[in-house]
Amino acid sequence: DGVLALHLSNKHIDLKPVRVEQVVYSLKHRYAGTMDLFAMMDGRPVVVDWKSGKAIYPEAYLQTAAYTQAFVEMGHGPVERALIVRLPKDGKGSFEVGSIDPHEQGILHDLFLMTMELYRAITKGPKAYANNGVGLIDPLEGYSINAPLGDLERAAKRNKEIAGRI
């Protein structure tokens, strides 16, 4: 019946896959990716991202928050929690689980958007990006700041201030 059993910290969890390797996208924020798994975990909707590295790195939380937000924007309903599960490469040792609750989801998605903006600015070149204006999102104030910036230092400083308050 498509039910997988996971044993996390000696707790039996029923995981029923609904969508596997699902392409997700945000038209609003202009990004896309492939979400590993959308499932029902003990009857609750969750997004799961599998990792096979040595650890769960901080950027995995941003990536998973972006997948989750895009999935919801596509009209697939609410997601109660997102999980990042690191599996040991050699099958030996323990695995690691990171969790994103709904409150953290919004904050992490905002940080993902800030990171994406910085990446776009760097790859376009600071002068070209500054001449076109920079759109920043302030997650605490809930508004968009669109203004031409002569340099990226003010944008980076503002993003650091916002991140420091989160």
Side-chain angles (χ1 to χ4, degrees), residues 1-120 135-144 156 158-166:
D1 65 358
V3 175
L4 298 175
L6 291 181
H7 295 278
L8 304 176
S9 301
N10 297 321
K11 180 180 178 188
H12 180 78
I13 295 175
D14 288 324
L15 190 70
K16 183 177 278 190
V18 177
R19 296 177 185 265
V20 178
E21 293 291 317
Q22 170 76 42
V23 173
V24 294
Y25 55 86
S26 170
L27 295 176
K28 179 179 178 181
H29 300 293
R30 298 178 14 243
Y31 67 83
T34 302
M35 176 183 68
D36 290 336
L37 176 66
F38 173 73
M40 298 302 288
M41 185 175 78
D42 293 335
R44 297 178 173 163
V46 297
V47 166
V48 179
D49 193 31
W50 306 110
K51 297 295 180 194
S52 61
K54 293 181 181 179
I56 296 176
Y57 298 104
E59 57 270 18
Y61 289 92
L62 302 182
Q63 178 186 31
T64 304
Y67 290 158
T68 302
Q69 181 63 34
F71 187 73
V72 171
E73 281 181 29
M74 291 170 61
H76 295 298
V79 173
E80 189 168 309
R81 182 167 297 281
L83 298 174
I84 304 158
V85 181
R86 185 191 60 81
L87 305 169
K89 283 186 177 186
D90 57 8
K92 297 177 184 175
S94 62
F95 54 89
E96 181 181 3
V97 178
S99 179
I100 302 172
D101 69 31
H103 170 72
E104 295 168 326
Q105 167 61 32
I107 293 168
L108 291 169
H109 185 253
D110 287 338
L111 288 172
F112 169 81
L113 294 176
M114 289 181 223
T115 303
M116 187 175 67
E117 283 296 319
L118 182 58
Y119 173 79
R120 288 176 178 165
L136 298 176
I137 297 170
D138 187 329
L140 300 178
E141 301 297 329
Y143 60 87
S144 177
R158 177 71 173 142
N159 285 346
K160 187 174 181 181
E161 288 170 4
I162 293 167
R165 293 189 288 171
I166 295 175

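- Residue Gln69 holds its CD atom at 9.0 Å from CG of Asp110, rounded to the nearest 0.5 Å.
- Judged as a ring-ring contact (aromatic ring centres under 6.0 Å, His included), and not counting sequence neighbours, the contacts of Phe38 are Phe71.
- Tyr57 is linked by a side chain to side chain contact (heavy atoms under 4.5 Å, CB included) to Lys54, Ala55, Glu59, counting only residues two or more places apart in sequence or in another chain.
- Considering only residues two or more places apart in sequence or on other chains, Arg86 meets the side chain to side chain contact (heavy atoms under 4.5 Å, CB included) condition with Lys51, Ile56, Glu96.
- Ile100 has its side chain within reach of Thr64: a pair of non-hydrogen atoms, C-beta onward, lies under 4.5 Å apart.
- Expressed to the nearest 0.5 Å, how far CG of Leu83 lies from CG of Asp36 amounts to 12.0 Å.
- No side-chain heavy atom of Leu113 sits less than 4.5 Å from a side-chain heavy atom of Glu117.
- The side chain to side chain contact (heavy atoms under 4.5 Å, CB included) search around Met40 returns Lys16, Val18, Pro45, not counting sequence neighbours.
- For the atom pair CD of Gln105 and OG1 of Thr68, the computed distance is 4.5 Å after rounding to the nearest 0.5 Å.
- The side chain to side chain donor-acceptor pair (under 3.5 Å) test applied to Tyr25 returns no partner, not counting sequence neighbours.
- The salt bridge (Lys or Arg N to Asp or Glu O under 4.0 Å) pairs that include a residue from residues 69-83 are Arg44-Glu80, where partners are two or more places apart or lie in different chains.
- Not a single donor-acceptor pair under 3.5 Å links the side chain of Tyr67 to the backbone N or O of Val47.
- Expressed to the nearest 0.5 Å, how far NE2 of His109 lies from CD of Glu104 amounts to 15.0 Å.
- When every heavy atom of Ala65 is checked against every heavy atom of Leu108, the shortest pair comes out as CB-CB, 3.7 Å.
- When every heavy atom of Ala70 is checked against every heavy atom of Ser26, the shortest pair comes out as CB-N, 4.1 Å.
- Counting heavy atoms from C-beta outward, Leu37 and Leu15 have side chains that approach closer than 4.5 Å.
- Val23 approaches Met74 most closely through the heavy-atom pair O-CE, 3.8 Å.
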